[in-house]
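Computed from a predicted structure; not experimentally measured. So that the names make sense, note that chain A is the first sequence line, chain B the second, and so on, each numbered from 1.
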Amino acid sequence: MNKANRFFSTASPHFESLLRKYSASNSLSETKKIHALIITYGLFSSSQLCSKLATTYAQCHHVSYASQLFDKLPKRTLFSCNTMMRMYVQMGRPRDALNMFVEMFRSGRCLPDNFTYPIVIKACSELLFVDMGVGVHGQTIKAGFDLDTFVQNSLLAMYMIAREKEAAQLVFDLMEEPTVVSWNTLINGYFRNNCAEEALRVYSRMMDEGVGPDCATVVSVLQACGVLKNVELGREVHALALEKGFWGNVVVRNALLDMYVKCGQMKEAQLLLNGMNEKDVVTWTTLINGYVVNGDARSALMLCRMMQLEGVKPNLVSVASLLSACGDLVSLKHGKCLHAWAIRKDLDSEVVVETALIDMYAKCNDSNLSYKVFMKTSKKRTAPWNAVLSGFVHNRLARNAIQLFKQMLVENVRPDSPTFNSLLPAYAILADLKQAMNIHCYLIRFGFLCKLEVASMLVDIYSKCGSLGYAHQIFDIIPPKDKDIIIWSVIIAAYGKHGHGEMAVSLFNQMVQSGEKPNEVTFTSVLHACSHAGLVDEGLSLFNFMLKKYQVIPRVDHYTCIVDLLGRAGRLNDAYNLIITMPIAHNHAVWGALLGACVIHENVELGEVAARWTFELEPENTGNYVLLSKLYSSVGRWRDAENVRDMVNEVGLRKLPARSLVEVSNM
DNA sequence: GTAGGGTTAG
């Protein structure tokens, strides 16, 4: 026995206990010291020591040392295999974990145990290898681990990630003793699969069965409350969280804040934040983003200052939200400041920030700068393309948007649903039937037409192109149960715009019969359709229906439709009386509708009243002057007509510089 | 040594 081996026999237990200690603290530097000692004293002959060293490196997430040492091991224990596979999964290399599992299974050297399966199942779910996952599920049954809670919970999570809700529910139903983790996985799984109602039903069952919720339960349930805007349950969960002592958990606090934000309860959200002693960057960002989403960009910017005063630094998510606030305020100045700040903090090449910058410049009507930022991006990710497309459409540069989309396809960037949400309005602006048919073919070929939003926009495009037939065909493709209020509104508006009032009203009735509750927008569309087609009685009865049955508070555009309707039918006095008695402020549109009707029916007396109001409320619109002039001409008051025409010229001259600026910026 | 949780662009 040489000197080194003699040393080893006495030193080995010592090293092992050291390794155990350091692996517990995950101290990479200490493990390296032990490694160095093993090399110095030539102790590699101890497979036990080497195995321990390899697993310690794996626990420290040092992939290269762990795998090098592991590969050299003469005998692999099940423990070391499990540890290696866990390291691979935790380090985002699930494929390596699965390769190891397959090799381990084939060689038959060691059989997987109850610790192996959760790791392997997690690797399958990360790779979305459902088929393999199902195979592994079969193996767990064969090996008798099907009643192991950890294995079952992993399977449950895997099926939920793979969007196999039924399979997940089956796993859950077969569990003898579901733990709080099982319930949480089910609740969160339903939530992530867009079934927030089901998530809440599961939560209520869990409470009925007397299972004590934990922080994870509360967080998932709050998310579901946010999506469903169920602030009542949200408040209950808030009380429960306080009662159970979860308030100390920052994740719970942030989830509570986000629930109030999502429910649009900004006052409660602000109060909650005011009452928090410890606020992290997520807390602040949640509220900042809340203000942006709820249309109060100014408060979002103010909050950013308060956050910095409290010494919390914004991160890239905060910056993206703040840039969005600048876009909403059309504040190029603030936007540029944030851009400069992002450059200084080296955040400007993060995709989220790049996208937000492109969007901000576009919303501030600076297509040039928006495009410049886009040109600096790697152009490999879809999001910046979507932002620049949406920016072009925002600035009505429809042709540029379509051209850019074609470029995107040339560069092999995969479009997603938001791409079409950004792009399709360009086709509606262009109203070119041939182009519309082109994109229609593309949408069919790549399976995007099954998306309701996309189908709704295509209905709108065909309607704008004047092809009601195609529009209706697309509308019919969507199964009745899937039709939402938006697609109904679009088709009703389409018929209305083309003067097919009866059809619009009939579709509206079909919609009500189908159980869809009409909203302000559908009422506007159908009333508009009635006024265009001269359906006075239908229009008036729908207006009454809206007030009585649905108790919708009429907006000014509803009144405009009714004024138009009465006016076109020659009931000018009724129209006038409606305007002066309406409970909300009148605007240029209501008076404009009356003026138009007065021109048709040659009523100078009321026409002059209406015209005066339109000049007051909308002095720059030359159309109103033209209408009054036309009215005077039609009754032979030529001089008055000429005087009004002169006013048109004056207004037109005042408008000229503004219009030419728009043209220049579009070049 | 195993399973579940928060903010983000379009």
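For the pair A:Val134/A:Tyr159, a side-chain contact is recorded, criterion being any heavy-atom separation below 4.5 Å from C-beta on.
Among the nucleotides B:dA3, B:dG5, B:dA9, the one closest to the side chain of A:Asp359 is B:dA9. In this structure, of B:dG10, B:dG5, B:dT7, it is B:dG10 that holds the atom nearest to the side chain of A:Ser390. Picking from B:dT8, B:dG4, B:dG1 the nucleotide with the shortest atom distance to the side chain of A:Phe79 gives B:dG1. Nearest to the side-chain atoms of A:Asn289 among the listed nucleotides B:dA9, B:dG10, B:dG1 stands B:dA9. When each of B:dT7, B:dT2, B:dG4 is scored by its nearest atom to the side-chain atoms of A:Val181, the top-ranked nucleotide is B:dG4. When the nucleotides B:dA9, B:dG10, B:dA3 are ranked by their closest atom to the side chain of A:Asp416, B:dG10 comes out on top. The A:Asp113 side chain lies nearest to B:dG1 when the options are B:dG1, B:dT7, B:dA3. Of the listed nucleotides (B:dG10, B:dT7, B:dT2), B:dT7 has the atom at the smallest distance from the side chain of A:Val317. Looking at the side chain of A:Asn249, the nearest of the listed nucleotides B:dG5, B:dT2, B:dT8 is B:dG5. Relative to the side chain of A:Thr149, the nucleotides B:dT7, B:dA3, B:dG10 differ in distance, and B:dA3 lies closest.
At whole-Å resolution of the value, CZ in A:Phe448 and C1' in B:dG10 are 13 Å apart. Between the CG atom of A:Leu186 and the P atom of B:dA3 there is a distance of 18 Å, given to the nearest Å. The CD atom of A:Glu453 sits 11 Å away from the C1' atom of B:dG10 (whole-angstrom rounding). Atom CG in A:Leu322 sits about 17 Å away from atom P in B:dT7, given to the nearest Å. Spacing between atom CE of A:Met175 and atom P of B:dA3 amounts to 14 Å, rounded to whole angstrom units. Rounded to a whole Å, the CG atom of A:Leu257 is 11 Å from the P atom of B:dT8. Between A:Gln223 atom CD and B:dG4 atom P the separation is 15 Å, expressed in whole Å. When the C1' atom of B:dA3 is taken as reference, atom CZ of A:Phe172 falls 13 Å away, rounded to whole Å.
Applying the 6.0 Å contact sphere to CD1 of A:Ile486 captures no more than 12 heavy atoms from other residues, nucleotides or ligands.
Contact annotation: A:Asn188 reaches the phosphate of B:dG5 (side-chain N/O to OP1 or OP2, under 4.0 Å). Using a 4.0 Å cut-off, no side-chain N or O of A:Asn82 falls inside it from OP1 or OP2 of B:dG1.
Within 4.0 Å of A:Arg192, counting heavy atoms only, lie sugar-phosphate atoms of the nucleic acid but no base atom. A:Ser182 comes within contact range of no nucleotide atom at all, as no heavy-atom separation falls under 4.0 Å. Nucleic acid contact for A:Asp148: none, since no nucleic acid atom lies under 4.0 Å from a heavy atom of the residue. Across all strands shown, A:Ala356 has no heavy atoms under 4.0 Å from either base or sugar-phosphate atoms.
Atom CE of residue A:Met266 and atom OG of residue A:Ser299 lie 7.5 Å apart, to the nearest 0.5 angstrom.
Among the candidates A:His238, A:Gln265, A:Arg253, the single residue satisfying the side chain to side chain contact (heavy atoms under 4.5 Å, CB included) test with A:Leu272 is A:His238.
A salt bridge links A:Glu268 with A:Arg235; the closest basic N to acidic carboxylate O contact falls under 4.0 Å.
Relative orientation of the A:His62 and A:Tyr65 rings is parallel, given thresholds of 30° and 60° on the angle between their planes.
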